[in-house]
Amino acid sequence: MNKTNLSPIILVDGSSYLFRAYHVPYLQALSTSDGQPTGAITGVLNMIKSLQKEYPQGNVVVVFDAKGKTFRNDMYPEYKANRPPMPEDLRSQIAPLHEIIEAMGLPLLVIEGVEADDVIGTLANQADQQGIDTIISTGDKDMAQLVTPHVSLINTMTNTAMDVDGVVEKFGVRADQIIDYLALMGDKVDNIPGVDKCGPKTAVKWLTEYKTLNGVIENADKIKGKIGENLRNAIERLPLSYDLATIKLDVELDQSVDQILPTAPNTEKLEKLYSQFELKRLLAELKAGDKAGTQQIVDDSEEDEPLPEKLDAEYDIILTDEAFDAWLEKIKSADVFAFDTETTSIDYMAAKLVGVSFSVEVGKAAYLPLAHDYEGAPIQVDFEQALAKLKPILESKEIKKVGQNLKYDANVLSHYDIKLQGIAYDTMLESYCLNSVATRHNMDALANKYLGYQTVKFEEVAGKGAKQLTFNQIDIDKAGHYAAEDADITLRLHQVIYPKLAKSTLQLSVFDDIEMPLMPVLTSMEQAGVLIDPDLLHEQSDVIGSRLAELEVEAHNIAGKAFNLSSPKQLQQILFEDLQIPVIKKTPKGAPSTAEEVLQELALDYPLPKLILEHRGLSKLKSTYTDKLPLMISSKTGRVHTSYHQAVAATGRLSSTDPNLQNIPIRSSEGRKIRQAFIAPADHKIVAIDYSQIELRIMAHLSQDEGLVNAFSQGRDIHQATAAEIFDVSLEEVTTNQRRSAKAINFGLIYGMSAFGLSKQLGIGRKQAQDYMDLYFKRYPGVLTYMEDTRQKASEQGYVETLYGRRLYLPDIKSKNQARKKAAERAAINAPMQGTAADIIKKAMISVHAWLLEKNDQRITMTMQVHDELIFEIHQDILDETVEKLVTIMNDAVSLSVPLIAEAGVGENWDQAH
DNA sequence: CGGGAGACGTA
DNA sequence: GTACGTCTCCCGC
């Protein structure tokens, strides 16, 4: 193999892998017949081989720690003082491993007085200055400080790569801030002192604000609370921590990085060593690999997974205008064509377009690369021109497209001024409407289920983990095959799934009339985003932070020792062993539970549980909302853009992630402060319109129970009306307590409740709960009949349906396991109500969106959906009439045998609007 | 480091 | 008792 100075250098952190391999159980089992352990040897060698395979041009250099003390011990005698001595069965593997690596012809560096990190740092730094690309293979995250545009990390055991952007993504700080970051946190294992209670979150927060460790130290007085105090106490020792965390870049070496080259392997010696340590596979490979010579890598992909069925396919990579034009003609004349975009990110706000792929007939697909920019990438067609040619096709309502999760593609394209239209079919939604629970609805799963085909995984072309290669960095041939296959598979999936869906008119109508039309509505809501006041949240974070610190001190005092309040495990120890508080409930795995209800009860008799409850609630609010939401504001728009997932929830609901806007707190006053940060833009109001008691109304409609339908038709307070019936009193006589019980019963019914569940909820006896339920069913016999019918139907058909024909399959309904069967029965009761509610609000969203399009008034924006509620920003000039119109649209979205009531709230923020 | 457990936020 | 997503901790890879 011909190596030039410009081959990438692969620096292997042998010591880090040695330790990791040593702890892998299946490797631990390995030893020679006379008992010499060889697991760590095998692990490290496998890892080196896989690196050689991945980087055939790479110049592999292996570095190990030397024995004995290093300069860090001189700096700080306690350095790594907590480390137990190296176990003998690991130590005994080092010398043979070194011998083998040398016999392989790989340069091996073991430098006394420094650690492997420092040698790697020095070599990487030299290579960086010479412009040589360097890949550091390590399991040690501290090395992130070495990352530059030329130097990246790869963890070969987990197959994850990390470059400059990857460091930021992974840690939240830049590579040049990593030392500061490590110094602040310290390291318990290495005995490096940092700031007490300063973990990754705090370190990132401080460094974001003050840039460097010195910046943090200079501003230490500004940091409030216990943690600020801890910081000030740590200031004197932080320079030492900084020095300890700093990897040396100037270790004296005999050779410079460009002089360190592999030599020819000593096959004879290798054969001897492999035999001696009974490394049979390596020995076999060595013998088999003779013809290939030197560093030829043997394919040692371990798992013999079944070979995927080979698709009969022809994939083009379009690099010329002529080829592109020819494909455009094919697309225009196709009935429907499959379409997919390739981008730099799965985050639609951050994603940049890298290429597009199409398929017009099964087995024929093409990839049009547009922005691959790795070194040596071929010249591609002009980006702007290509988009100009694609735009009329992608925007045409007549030219039909099929895709997999086209909402994503539509979002990305919208940033290039292309409004994707003519979206006829989405295979993800086809699969979801056909059977929401049979499979996940990503392409890999669908191809597997419906085509029996294993797709090329993204990880296989890009690597995996924290930071894989982005698509623009991937070799065009590899990328082209992957991308074209996606288009091809999409078309194939459509041809298989759609006919199945079309067998049921009702299911098809859920697809045609609900899910497909909803997609552009969601695109537009995601693009719109929501406005958040970060200052308000920061303030709230500080307030909560101080309170948490107080709670922690109090709790430690009561417990008599320090412990982590967020650790259920440590809490169990403190409560149930140290303090000998009785165990009330166990977790599913048998450990004593510290769940909220348990602590609530214990709080009556003991002081600590109350503190824990407050701490838990507040730290949840802080970490999930007040700290996190401000970070999610897009720099492009100044707003927060969630993702709505249309094919996740089994019942037909949407779900929301990144951030989840559907679980913003409302119940506690601290929680509501978070809603106050969801604000209206200037001159606008937040309007929240929610459906009142929608699931109970649906229960009335589905069951046609006379009493229930009447109660709703007469506009009664439903819980009060239920209470009057059950407790046999007049409406006026219903007590608060009776109403509360009735409400619990009403909710319980929606969840398929049992007497047991109800008794727990209400804190009453099982018998009394059963009495309540019997009474309820006596008063509302239609509901009982409906419940029984639903259970029976579920059992007969294996699925239940919503009012509009959305199916939920219940595979466990026939389970012999009674617990699973019961759970499936409850789901069967719940799904038609929850699912019909989802159908209704989706229909309402489609109507609202259609009205907004028609009206084309930028002063009205639909920003969020929270299951039974839609949230809008509306300009104050048109507030009243718009709210009235929106309420009407929502009320009239569907027609039931009971009134559907939407109620609007208006305010400066989401809290006020409630 | 990835993922399960346990906890908790919402409808 | 239904349906979700995200946090921290901690085990096992």
Side-chain angles (χ1 to χ4, degrees), chain A residues 20-28 43 139-141 155 157-160 162 170 199-201 436 464-466 564-572 586-599 612-613 615-625 627-628 642-643 645 648-668 670-671 674-675 690-691 693-695 744-745 747-761 769 773 808 822-835 837-838 841 865-869:
Chain A
R20 287 172 153 247
Y22 175 71
H23 288 100
V24 173
Y26 75 90
L27 290 173
Q28 277 171 345
D140 183 352
K141 284 299 155 204
N155 182 334
M157 289 187 80
T158 57
N159 202 17
T160 53
M162 193 184 303
K170 171 84 202 170
K201 298 247 164 193
S436 64
K464 69 176 185 187
N564 184 342
L565 277 73
S566 327
S567 166
K569 210 179 160 192
Q570 292 183 29
L571 184 61
Q572 279 160 22
K586 298 211 168 175
T587 65
K589 288 197 75 186
S593 168
T594 62
E596 185 186 328
E597 48 163 340
V598 174
L599 298 187
I612 300 290
L613 281 171
H615 185 274
R616 272 196 192 150
L618 289 178
S619 57
K620 178 78 180 179
L621 292 185
K622 184 170 186 291
S623 61
T624 312
Y625 307 106
D627 285 353
K628 204 61 189 298
T642 185
S643 289
H645 299 279
V648 170
T651 52
R653 276 189 175 180
L654 297 176
S655 77
S656 156
T657 64
D658 307 304
N660 181 354
L661 294 183
Q662 295 179 320
N663 71 343
I664 304 297
I666 192 169
R667 285 170 197 165
S668 67
E670 293 92 345
I674 294 160
R675 290 204 170 207
D690 70 325
Y691 281 119
Q693 308 291 0
I694 188 167
E695 290 182 2
I745 293 172
F747 273 99
L749 286 164
I750 294 171
Y751 298 150
M753 104 186 133
S754 62
F756 178 69
L758 182 66
S759 69
K760 248 184 10 179
Q761 177 71 30
M773 284 176 64
L808 175 67
K822 288 282 175 204
E825 284 182 1
R826 292 192 296 267
I829 301 287
N830 176 257
M833 291 181 268
Q834 193 184 119
I841 196 159
Q865 188 253 41
V866 188
H867 306 310
D868 64 0
E869 171 183 10

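To find a chain, count down the sequence lines: A is the first, B the second, and so on, and within it residues start at 1.
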| What is the nucleic acid contact for A:Gln570, judged by heavy atoms within less than 4.0 Å: base, sugar-phosphate only, or nothing? | sugar-phosphate
| Note, A:Thr642 side chain near A:Gln662 side chain (heavy atom, < 4.5 Å) | no
| Whole-Å distance between B:dT10 P and A:Glu695 CD? | 16 Å
| note | Side-chain atoms of A:Thr657 come closest, of C:dT6, C:dG1, B:dG9, to C:dT6
| message | Should the side chain of A:Asn663 and the base of B:dG9 be counted as holding a donor-acceptor pair, with the cut-off at 3.5 Å? | response | yes
| task | Could you tell me whether the phosphate oxygens of C:dC9, OP1 or OP2, come under 4.0 Å of any side-chain nitrogen or oxygen in A:Asn564? | result | yes
| said: What I'd like to find out is whether the side chain of A:Tyr625 reaches to under 4.5 Å of the side chain of A:Asn663, using heavy atoms alone. | reply: yes
| query | Which listed nucleotide (C:dT2, B:dC8, C:dC9) is nearest to the side chain of A:Ser566? | reply | C:dC9
| request: Kindly say if A:Thr624 contacts the phosphate of C:dC7, meaning a side-chain N or O under 4.0 Å from OP1 or OP2. | output: no
| note | Rounded to whole Å, NZ of A:Lys620 lies from C1' of C:dC9 at a distance of 13 Å
| message | If you only use heavy atoms from C-beta on, which nucleotide in C:dG1, B:dG9, B:dG6 is closest to the side chain of A:Tyr625? | response | B:dG9
| Beyond-backbone contact of A:Thr594 with A:Ile612, side-chain heavy atoms, under 4.5 angstrom | no
| note | A:Ile674 CD1 to C:dT6 P, in whole Å, measures 15 Å
| message | With a 4.0 Å limit, can you tell me whether A:Arg653 has a side-chain N or O closer than that to the phosphate oxygens OP1/OP2 of C:dA3? | response | no
| task | Among B:dA5, C:dC7, C:dC9, find the nucleotide with the atom closest to the side chain of A:Lys589. | result | B:dA5
| d(CD1, A:Ile694; P, C:dA3) in whole Å | 18 Å
| query | Reckon A:Gln865 has a side-chain N or O less than 4.0 Å from the OP1 or OP2 of B:dA11? | reply | no
| B:dA11 P sits how many Å from A:His645 NE2, rounded? | 19 Å
| message | Using only modelled atom types and a 3.5 angstrom limit, is any donor from either the side chain of A:Gln662 or the base of B:dT10 paired with an acceptor on the other? | response | no
| remark: The reported gap from CG in A:Leu808 to CG in A:Asn830 (rounded to nearest 0.5 angstrom) is 9.5 Å
| query | What is the distance from CD of A:Gln834 to C1' of C:dT2, rounded to the nearest Å? | reply | 6 Å
| field | Residue A:Pro568, side-chain heavy atoms: nucleotide from B:dA7, B:dT10, C:dG1 that is nearest | value | B:dA7
| task | Report the nucleotide, chosen from B:dG6, C:dT8, B:dT10, that has the shortest atom-to-atom distance to any side-chain atom of A:Arg667. | result | B:dT10
| Would you say a side-chain N or O of A:Thr594 is under 4.0 Å from OP1 or OP2 of B:dA7? | yes
| request: Measure from the side chain of A:Asn830, starting at C-beta and using heavy atoms only, and say which of C:dA3, C:dG1, B:dT10 lies closest. | output: C:dA3
| How about A:Gln865 and A:Ser656: do any of their side-chain heavy atoms sit closer than 4.5 Å? | no
| said: From CG of A:Leu571 over to P of C:dC10, roughly how many Å is that when rounded to an integer? | reply: 11 Å
| field | Residue A:Lys760, side-chain heavy atoms: nucleotide from B:dA7, C:dG1, C:dA3 that is nearest | value | C:dG1
| Interatomic distance, A:Leu618 CG vs C:dT8 P [rounded to whole Å] | 15 Å
| query | Is there a donor on the side chain of A:Lys628 or the base of C:dT6 sitting less than 3.5 Å from an acceptor on the other? | reply | no
| So which nucleotide from B:dA11, C:dC4, C:dT8 ends up closest to the side chain of A:Ser623? | C:dT8
| task | Kindly say whether A:Leu621 contributes a backbone atom to a donor-acceptor pair with the side chain of A:Thr624 at under 3.5 angstrom? | result | no
| task | Assign A:Asp658 to base, sugar-phosphate, or nothing according to its heavy-atom contacts below 4.0 angstrom with the strands shown. | result | sugar-phosphate
| task | Could you please name the option among B:dG9, C:dC10, C:dG1 that lies closest to any side-chain atom of A:Lys569? | result | C:dC10
